[in-house]
There are 2 protein chains.
Amino acid sequence: MTLLSDHSHSLPCQPDQAALRQRLATAGLRATTQRILILESLLLLPGHPTAEQVHRQVVLTEPTVSLGTVYKTLDSFVAAGLTKRVASTEGACRRYDSDCTAHHHLYCTDTKEIIDYSNPELDALIRTFFATHGLENFQPHSFSLHIAGSRIS
Amino acid sequence: MTLLSDHSHSLPCQPDQAALRQRLATAGLRATTQRILILESLLLLPGHPTAEQVHRQVVLTEPTVSLGTVYKTLDSFVAAGLTKRVASTEGACRRYDSDCTAHHHLYCTDTKEIIDYSNPELDALIRTFFATHGLENFQPHSFSLHIAGSRIS
DNA sequence: ATGCTTGCAAACTCTTTGCACACCA
DNA sequence: TGGTGTGCAAAGAGTTTGCAAGCAT
């Protein structure tokens with residue numbers, strides 16, 4: 001099995017292999033070829049890819065990586081906090097989000113798209129609300145607002 | 001603090017069969033025995049039942065109802081707006097929510113429970129926020145805040 | 001060297017589908 | 001009666017698992 005080859009086709013602002021290894025190490029995960037590739041693919045793919053989509057991307061570079069490994073790896077990424085799973089009412093399959101910073105989602109009811117949305121003012125508003133109106137018997141640690149609606153063109 | 005929207009809260013009283021027929025008719029659905037039972041079970045079951053759980057409940061009264069019918073029926077309920085599907089990052093299976101009024105969800109990271117949460121003040125806060133800070137290219141029509149955290153005993 | 005990871009394929013779970021029969025409007 | 005809805009069983013999609021062999025540390 002070859003190590004990560006140089007990617008003449010890869011996008012400009014992609015983290016290099018050393019940075020990916022570092023991220024894995026920080027998360028307490030061994031830096032295997034597969035994990036590096038899967039992490040790279042997650043960061044590369046737009047939107048909220050499924051395990052299947054990540055696999056398709058990974059296989060371009062390393063055709064022997066199995067879908068099962070992608071599932072196991074994505075699970076370990078989620079467990080390690082490298083990745084999140086996106087909540088969705090639509091579709092049967094899981095979607096992953098490489099953006100682990102707090103953010104919200106716009107759900108387009110027409111196109112079924114899930115669009116990332118960040119707004120620090122909104123975050124502050126919500127945090128302040130729960131700081132003053134504490135929930136009973138529940139300690140919140142993160143919030144995500146799901147905004148359903150439709151795109152205006 | 002902004003005024004609360006008026007919040008007429010009806011307890012989950014058991015609608016009789018005539019009321020259920022009426023709800024189905026209003027939604028444009030034929031009132032079959034199965035649909036009446038499934039709707040009744042949805043309203044009866046606490047939390048956010050899966051198709052499987054609804055089926056188990058329905059079969060107590062009418063043992064011949066098939067799981068396939070429960071799936072088809074729940075889909076038609078969602079399409080008709082009688083029921084919602086709950087978004088979840090956890091678990092593989094779909095959950096349904098008979099409460100079609102706007103509300104939020106607490107996701108307990110320990111027990112994986114999904115707990116309903118309503119707070120008109122919070123709703124007003126969010127609505128006000130988006131009324132003043134409109135989204136670009138997006139017309140929101142509903143909001144649901146997902147609050148992850150853990151129960152305190 | 002040790003123990004975590006991987007690939008493979010089979011098993012599993014959840015959901016959908018096709019079709020003949022049954023039923024509501 | 002006509003057109004929908006239902007039951008059944010098989011198929012399909014997505015995900016998990018067990019184990020032998022392969023790597024990272």
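Lettering of chains follows the sequences in order, A, B, ..., and the numbering in each one begins at 1. No experiment lies behind these values; they were computed from the predicted model shown.
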Rounded to the nearest Å, what distance is computed from the [atom1] atom of residue [X] to the [atom2] atom of nucleotide [N]?
X	N	atom1	atom2	value
Leu24(B)	dT4(D)	CG	C1'	14 Å
Leu37(B)	dC23(C)	CG	P	15 Å
Ile36(A)	dC23(D)	CD1	C1'	12 Å
Arg94(A)	dC14(C)	CZ	P	11 Å
Arg35(B)	dA25(C)	CZ	C1'	13 Å
Phe77(B)	dT6(D)	CZ	C1'	14 Å
Arg30(B)	dC24(C)	CZ	C1'	5 Å
Leu29(A)	dT5(C)	CG	P	7 Å

Original post:
If you look only at pairs with a residue in residues 40-67 of chain B, which of them pass as a ring-ring contact (aromatic ring centres under 6.0 Å, His included), with sequence neighbours excluded?
Top reply: His48(B)-His105(B)
Subject >> salt bridge (Lys or Arg N to Asp or Glu O under 4.0 Å) partners for Arg30(A), two or more places apart >> reply: none
Original post:
Residues in salt bridge (Lys or Arg N to Asp or Glu O under 4.0 Å) with Glu113(B), at least two apart?
Top reply: Arg151(B)
Subject >> Residues clustering with Val59(B) (ILVMFWY side chains joined when closer than 4.5 Å, directly or via others) >> reply: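 Under the 4.5 Å side-chain rule, Val59(B) groups with nothing.
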Original post:
Other than Ile152(B), which residues form its hydrophobic cluster under the rule that side-chain heavy atoms must be closer than 4.5 Å?
Top reply: none
**OP:** Mind checking side-chain hydrogen bond (donor to acceptor under 3.5 Å, both in side chains) for Thr101(A) and listing every partner two or more places apart, or none if nothing turns up?
**Re:** Asp99(A)
Original post:
Quick one: side-chain hydrogen bond (donor to acceptor under 3.5 Å, both in side chains) partners of Thr69(A), sequence neighbours excluded?
Top reply: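 Counting only residues at least two positions away or on another chain, Thr69(A) forms a side-chain hydrogen bond (donor to acceptor under 3.5 Å, both in side chains) with Ser66(A).
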Original post:
How do Arg95(B) and Thr32(B) order along DNA chain C: which one's closest nucleotide is nearer the 5' end?
Top reply: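 The residue mapped nearer the 5' terminus is Arg95(B).
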Original post:
With respect to the phosphate group of dG7(C), does any side-chain polar atom (N or O) of Gln34(A) fall under 4.0 Å of OP1 or OP2?
Top reply: yes
Original post:
Do His103(A) and Asp97(A) touch side chain to side chain, with heavy atoms closer than 4.5 Å?
Top reply: yes
Original post:
Is the shortest heavy-atom distance from the side chain of Leu106(A) to the side chain of His104(A) under 4.5 Å?
Top reply: no
Residues 74-87 of chain B side chain polar contacts: donor-acceptor under 3.5 Å, at least two apart:
unit_1   : atom_1 : unit_2   : atom_2 : d
Ser76(B) : OG     : Thr73(B) : O      : 2.7
Arg85(B) : NE     : Thr89(A) : O      : 3.2
Arg85(B) : NH1    : Thr89(A) : O      : 3.2
Arg85(B) : NH2    : Thr89(A) : O      : 2.6

Subject >> Close approaches to DNA chain D from residues 62-75 of chain B, in residue order (heavy atom, under 4.0 Å) >> reply: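 Heavy-atom cutoff 4.0 Å gives Thr64(B), Val65(B), Ser66(B), Thr69(B), Lys72(B), Thr73(B).
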Original post:
Does anything in residues 48-57 of chain B reach DNA chain D, meaning a heavy atom under 4.0 Å, and if so which residues?
Top reply: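 Heavy-atom cutoff 4.0 Å gives no residues at all.
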Under 3.5 Å, side-chain donor or acceptor atoms of residues 134-150 of chain B against the rest of the protein: list the pairs with distances, not counting sequence neighbours.
unit_1    : atom_1 : unit_2    : atom_2 : d
His146(B) : ND1    : His146(A) : NE2    : 3.4
His146(B) : ND1    : Tyr107(B) : OH     : 3.1
His146(B) : NE2    : His146(A) : ND1    : 3.4

**OP:** Give me the bend of the helix from dA1(C)-dT25(D) to dA25(C)-dT1(D), using the axes of the five pairs at each end, rounded to 10°.
**Re:**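 End-to-end axis angle for the helix from dA1(C)-dT25(D) to dA25(C)-dT1(D): 50°, rounded to 10°.
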